[in-house]
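As the structure is a computational prediction, the values presented were derived from the model and not from experiment.
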Amino acid sequence: MTRVILHVGQPKAGSTALQRALGRDERELRERGVFYPIEGATASGRMDGHATYSHNLLAGFGVPFEAVYAPLRRYYVDQDGLTQAVRHFCDSVRTSLLMHAYGTLVLSGEMICEASHQVLMAIRDWLNSLPAVSTIDVCVYFRSPVDAYRSRVAQDVKAGLDFTPPDRFFVDYEGQFARLTQVFGADRVHPSRFGKAEDGWDVVDDFACRFLGTALEGTRANEALALEATFFLAAYWTICRATGALGRTKYELLVSWLECNPYPGGDGSRARLRSSLVARLVQRHEAQLTWLRSRGIDFNYPQVPLCETASEPAASISELFEYGPDADAMRAFDVFAIDGLLHACIVMNEALNTREGKIQT
């Protein structure tokens, strides 16, 4: 019999690190009876060569293409492309389970957390149709709304998007949990607190010990941006956004290089949200935080009087943070980032030369 462990995120809660570790060690895991399928999975990579294999394509199960979660659509050209990808992945999983007596099937996709009831039902029905599946357990990590917002801002900057204003940011923890329990059953959905690396907590180690009964070495992924990097990339994107596809490509390569080579700025370069902004986020999520505490998940926010949240909401990246980088720190980072951009362009040219079979001058 095969037990299914379905990890569904949330977004910004260590999913990339977990997926990269599971994909990296998938052969060793199979030898231990744990199957993490990578054939047909949604694959992405960075300049350091480490690939990430997620099962986000399952979030497009059984719904029209225009209704698919927007970040997932960009991986597929149209409905046919997504449908074929899902069919290929599902067939591959079924074939593997028929050929091998795996004790555990692990699937991971942070976009599934945002999926509709219809999609979750389709995923559940597919899993129940697989040979020898006995139980389905769902794992979801909940991250502090303050840390989740700070991470969201960094993701917006790295993706070259207009940043999400804090007054438009809200995490419906209870709603996400309710959809999962309605489909998979309250006793089969396991909510957990997403901890902090500085406290010695690691999502890969936590997941492997709790759900797989084995150790799994963590992997670095989606490094937090330094404060200088946040300011630099926000300004750089406004320049390169109008320079066409090549400018966009260089920007993406620069971001990839910065992720693979984190700026060694120390704690002083860590972005910290304004205290008034933290208070606004905590107050907006007050009911959600109360619900999380009822599930044994507490982020230990102090009670904040309403009057402390009266300041105007941030309208730009620079208004989000408690302080900005000083001139010396920014100059040092400029040199670091420009070197990275030059390196990224060299890598890009080498890739183009290889693909086209000619030297470009």
Side-chain angles (χ1 to χ4, degrees), residues 2-59 71-72 75 89 92-93 96-97 100 102-113 123 127 136-144 147-148 151 154-155 158 190-225 255-262:
T2 301
R3 177 195 184 196
V4 177
I5 306 296
L6 177 63
H7 167 252
V8 299
Q10 295 173 323
K12 315 313 302 172
S15 299
T16 302
L18 178 58
Q19 292 156 3
R20 183 163 294 158
L22 291 166
R24 177 200 61 203
D25 294 346
E26 59 94 16
R27 289 187 180 180
E28 291 80 0
L29 288 170
R30 273 191 276 129
E31 293 174 358
R32 295 182 234 169
V34 177
F35 178 40
Y36 185 77
I38 62 174
E39 183 184 350
T42 307
S44 59
R46 298 191 306 172
M47 292 180 71
D48 59 7
H50 294 297
T52 296
Y53 297 94
S54 75
H55 306 123
N56 282 326
L57 79 172
L58 294 178
L72 178 61
Y75 285 98
F89 175 75
S92 173
V93 171
S96 294
L97 291 179
H100 306 281
Y102 294 118
T104 303
L105 166 65
V106 179
L107 300 170
S108 175
E110 65 273 22
M111 295 182 187
I112 299 173
C113 197
I123 294 173
L127 290 173
I136 304 171
D137 286 292
V138 179
C139 164
V140 54
Y141 286 98
F142 290 133
R143 187 173 188 177
S144 147
D147 290 338
S151 184
Q155 188 65 34
K158 288 190 287 188
H190 309 279
S192 302
R193 179 181 182 274
F194 182 80
K196 294 184 177 182
E198 53 263 38
D199 297 330
W201 189 88
D202 180 79
V203 66
V204 176
D205 180 66
D206 185 83
F207 178 87
C209 291
R210 292 177 57 225
F211 292 97
L212 304 183
T214 185
L216 193 63
E217 184 180 348
T219 178
R220 191 182 73 192
N222 290 342
E223 285 283 342
L225 289 181
V255 172
S256 183
W257 188 89
L258 291 175
E259 285 186 319
C260 298
N261 301 275

Tightest non-hydrogen contact, residues Ser54 and Ala41, listed as O-CB, 3.3 Å
For residues Pro37 and Leu105, determine if any side-chain heavy atom of one lies less than 4.5 Å from a side-chain heavy atom of the other. yes
Enter the distance from Cys113:SG to Gln10:CD here, rounded to the nearest 0.5 Å. 5.0 Å
With a 4.5 Å limit on heavy-atom distance, are the side chains of Leu107 and Ile112 in contact? no
Within the structure provided, determine whether Arg30 and Ser96 are in side-chain contact (heavy-atom separation under 4.5 Å). no
Closest non-hydrogen contact found for Phe35 with Leu97 is CD2-CD2, 4.1 Å
pair Ser192-Arg210: side-chain heavy atoms closer than 4.5 Å: yes
State, to 0.1 Å, how close Asn56 and Met111 come at their nearest heavy-atom pair, and which atoms those are. OD1-N, 3.1 Å
Derivation and outcome, side chain to side chain contact (heavy atoms under 4.5 Å, CB included), residues Tyr53 and Glu26: CA-CA 10 Å; Tyr53 297 94; Glu26 59 94 16; over 6 Å; no
In this structure, are over 12 heavy atoms from other groups packed under 6.0 Å from Tyr102 atom OH? yes
Single hit among Val106, Leu127, Val138 for side-chain contact (heavy atoms from CB on, under 4.5 Å) with Val4: Leu127
Would you call Ile136 and Ile123 a side-chain contact if the rule is heavy atoms closer than 4.5 Å? no
How close do Leu57 and Gly40 get, heavy atom to heavy atom, and via which atoms? CD1-O, 3.7 Å
For a 4.5 angstrom cut-off between non-hydrogen side-chain atoms, does Asp206 reach Tyr141? yes
Taking NZ, NE, NH1 and NH2 as the nitrogens, is one of them in Arg27 or Glu31 under 4.0 Å from a carboxylate oxygen of the other? no
Show the nearest heavy-atom pair for residues Gly23 and Ile38, with the distance to one decimal. CA-CG2, 4.2 Å
Chi angles and distances behind the ring pair (Phe, Tyr, Trp, His ring centres under 6.0 Å) call for His55, Tyr36: CA-CA 10 Å; His55 306 123; Tyr36 185 77; 4.7 Å; yes
Any side-chain heavy-atom pair from Phe207 and His7 closer than 4.5 angstrom? yes
Over all heavy atoms of both residues, which pair between Gly14 and Phe194 is shortest? Give the atoms and the distance, please. N-CE1, 3.5 Å
Separation between CZ of Arg20 and OG1 of Thr52, rounded to the nearest 0.5 Å: 3.0 Å
When rounded to the nearest 0.5 Å, the distance separating CG of Leu18 from OG of Ser108 is 5.0 Å
